[in-house]
Amino acid sequence: MQARAFWTVAPGRGEIRTEALPAPAPGEIRLTTIASGISRGTEALVFEGRVPASQFQAMRAPLMVGAFPFPVKYGYSAVAQAENGARFFVLHPHQDAFNAPQTLAIPVPDAVPSARAVLAANMETALNLLWDAAPLPGMRVLVMGAGVLGLLAGALVARIPATTVTLCDLDPARATPAAALGCRFALPEAAPGDQDLVFHTSASAAGLAHALRAAGDEAAIIEASWYGDAAPVVPLGEDFHARRLRIIASQVGRVAPLMRARRTQRARLALALDLLGDPVFDILLEPPTKFADLPAAMPRLLAGGLCHVIDYGA
């Protein structure tokens, strides 16, 4: 059997390659892809060749092929169907058919449409953010950066009783999804201060500086951004120490310490899929792009928007 896969082959250039797909090995399952999602932050860094050499091993996705910087087959948000019709979410690159270990194939609940299910990787990251932060009822929470991750994190925190959640972004259009997800919205110049908890997801030095200013005394800033080979300036002078602020790194590669002894990564991802049963999350989905058009479309898809869905239909 032949399969087609998207490869990044040079900075800013991708192509679809055809490859032989062997019969599934013991413990594997053959899957035909329905949809995949693009994780803009990470995939933009990979597409541009900006993964630092020191992070080549840490940045490997579970089922990627090739090696950084190029050529590499990268991605981790695929929804695919088995021969019996069952749907699974798999951390697999953009490819129209593939074999995957059964241990890495997470059943998609019947209540979750395939397009919405591609949000599972981002929802898993948002869930891990909350496990790292442990927000409490009644908190004032600011999320700096209203991309997909920031919006999902805000939506989860807003479900905690008596919390006030404000999403902050440079793009005023993000006010619409923020409101749909139960959050307030503010442009940076109008963002509230004295916050009990701040999530930073903008992947910008300016966003991190604003997060530090907005945090109340002895508050925590949960840093979810990954900057690739950039070296952001972090303003740790002035009153940073006097106010006893804390910057906590959060990364989805490990289950947050608070839950690590009792939750596996598979269980965390399954919970993320269950959370996507709410139709409100459809507001995060952009119109689909055909898989065959991905090489030409990828630069545009990585330049902006929310969750870009890749459609594998005929």
Side-chain angles (χ1 to χ4, degrees), residues 39-41 44 122-123 125-227 230-251 280-281 283-284 303-307:
S39 182
R40 282 187 53 232
N122 282 299
M123 179 62 89
T125 303
L127 181 60
N128 212 51
L129 277 176
L130 264 70
W131 287 355
D132 272 319
L136 300 172
M139 277 189 164
R140 298 185 299 269
V141 181
L142 179 68
V143 182
M144 290 298 304
V148 173
L149 177 57
L151 286 161
L152 287 171
L156 294 182
V157 179
R159 298 181 179 192
I160 298 173
T163 55
T164 301
V165 182
T166 304
L167 283 155
C168 180
D169 200 274
L170 294 167
D171 183 359
R174 298 298 164 89
T176 297
L181 297 171
C183 303
R184 300 179 180 182
F185 179 82
L187 295 170
E189 58 270 22
D194 196 27
Q195 298 295 286
D196 300 307
L197 180 65
V198 181
F199 293 94
H200 179 233
T201 67
S202 80
S204 71
L208 179 55
H210 202 116
L212 288 166
R213 291 194 298 271
D217 290 356
E218 301 191 349
I221 299 92
I222 311 299
E223 176 56 274
S225 302
W226 189 63
Y227 301 87
V233 175
V234 184
L236 302 182
E238 298 185 352
D239 60 357
F240 173 81
H241 288 85
R243 295 175 57 213
R244 297 181 62 84
L245 299 177
R246 293 173 292 142
I247 301 176
I248 300 173
S250 182
Q251 205 276 339
V280 71
F281 294 116
I283 200 169
L284 303 181
L306 292 172
C307 180

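Note that the coordinates shown come from a computational prediction; the quantities given were computed from them, not determined experimentally. Positions are given from 1 along the sequence.
- The backbone N or O of L306 lies less than 3.5 Å from no partner atom in the side chain of R40, so there is not a single donor-acceptor pair.
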TODO: List the steps and the verdict of side chain to side chain contact (heavy atoms under 4.5 Å, CB included) for V280 and L181.
DONE: CA-CA 7 Å; V280 71; L181 297 171; 3.9 Å; yes
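- Applying side-chain contact (heavy atoms from CB on, under 4.5 Å) to F199 and the options L167, V157, I221 leaves one that passes, V157.
- Here the closest non-hydrogen pair linking G207 and S204 is N-OG, 2.9 Å.
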For residues 144-152, run the donor-acceptor check on the side chains, cut-off 3.5 Å, and write out each pair with its distance to 0.1 Å, sequence neighbours left out.
none

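- Looking at heavy atoms from C-beta onward, P172 lies in side-chain contact with L187 at the 4.5 angstrom threshold.
- Inter-residue side-chain proximity for V234 and L208 is flagged as met; some heavy-atom pair is nearer than 4.5 Å.
- Proximity of I247 to L212: side-chain heavy atoms (C-beta onward) are separated by under 4.5 Å at one or more points.
- Minimum heavy-atom separation, L129 to A153: CD1-CB, 4.1 Å.
- Enclosure of atom CD in E238 is not indicated, since only 12 or fewer non-hydrogen atoms of other residues, nucleotides or ligands lie within 6.0 angstrom.
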Open item on the list: Show, in sequence, the C-alpha distance, side-chain angles and deciding distance for L142 and C168, and conclude whether the side chain to side chain contact (heavy atoms under 4.5 Å, CB included) test is met.
Closed with: CA-CA 7 Å; L142 179 68; C168 180; 4.0 Å; yes
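- Considering all non-hydrogen atoms of both residues, A191 and H210 come closest at CB-NE2, 3.7 Å.
- Taking CD from Q251 and OG1 from T125, the interatomic distance works out to 8.0 Å, rounded to the nearest 0.5 Å.
- Under 4.0 Å is where a charged nitrogen must lie from a carboxylate oxygen, and between D194 and R140 at least one such pair does.
- Residues T163 and P135 fail the side-chain proximity criterion, which asks for heavy atoms closer than 4.5 Å.
- Closest non-hydrogen pair, A249 versus D132, comes out as O-OD2, 4.3 Å.
- In terms of heavy atoms, I248 sits closest to A220 at CD1-CB, 4.0 Å.
- Judged by distance alone, the side chain of D217 and the main-chain N or O of R244 form no donor-acceptor pair under 3.5 Å.
- Here the OG atom belonging to S250 is positioned 9.5 Å from the CG atom belonging to L130, to the nearest 0.5 angstrom.
- The two residues A173 and P177 come nearest to each other via the heavy atoms O-CD, 3.4 Å.
- Looking only at side-chain heavy atoms (C-beta outward), F185 and T166 stay at 4.5 Å or farther from each other.
- Between L197 and I222, some side-chain heavy-atom pair lies under the 4.5 Å cut-off.
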